[in-house]
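First up is the structure itself, then whatever we jot down about it.
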Amino acid sequence: MNCKEAEKKIPSFLNDELDGRGLAEFVEHIEDCPECMEEVSIQFLVTEGMEQLEQGNNFNLQKALTLKLENADYRIRVNRVLRHTLVALEALVAAAIIAAVIIVSM
């Protein structure tokens, strides 16, 4: 993912609309690109900061952004585990079908 693509996805990230591969690619890019991470921070500050001010809440935006990124990392790891589990289950089903065919053909 390049910077231009990442910048277009920032609003989707902030609204929790990215998932799967798109989320993983976005997070990987911003973790390696200080300019894009700065843009994420700025947009987060504006959107979340305004919302918190309107609600009259006390807030720590840096902590909130850190938590959002940690949550994204967690969702990416869970997604990967689920995909690997699905592949393993598909392999087991295929093996069971092959075994059943062999047993039936005996």
pair [X]-[Y]: side-chain heavy atoms closer than 4.5 Å:
X: Asp19; Y: Asn79; answer: no
X: Ile42; Y: Glu38; answer: yes
X: Arg80; Y: Arg83; answer: yes
X: Lys68; Y: Phe13; answer: yes
X: Glu70; Y: Leu67; answer: yes
X: Phe26; Y: Val40; answer: yes
X: His29; Y: Cys3; answer: yes
X: Val27; Y: Arg75; answer: no

Inset, instruction - Check whether more than 12 heavy atoms from other residues, nucleotides or ligands sit under 6.0 Å from atom CD of Glu28, and answer yes or no. - result: no
Legend entry - Glu17 atom CD, neighbour heavy-atom count above 12 within 6.0 Å: yes
What distance do [X] atom [atom1] and [Y] atom [atom2] have between them, rounded to the nearest 0.5 Å?
X: Cys36; Y: Glu5; atom1: SG; atom2: CD; value: 10.5 Å
X: Leu65; Y: Leu14; atom1: CG; atom2: CG; value: 8.0 Å
X: Leu23; Y: Arg21; atom1: CG; atom2: CZ; value: 12.5 Å
X: Asn71; Y: Asp16; atom1: CG; atom2: CG; value: 7.0 Å
X: Cys33; Y: Glu7; atom1: SG; atom2: CD; value: 8.0 Å
X: Leu82; Y: Leu89; atom1: CG; atom2: CG; value: 10.5 Å

Legend entry - Qualifying ring-ring contact (aromatic ring centres under 6.0 Å, His included) pairs with a residue from residues 63-91, counting only residues at least two apart or across chains: none
Legend entry - Check against side-chain contact (heavy atoms from CB on, under 4.5 Å), Met37 and Leu69: CA-CA 11 Å; Met37 179 59 92; Leu69 291 168; 3.7 Å; yes
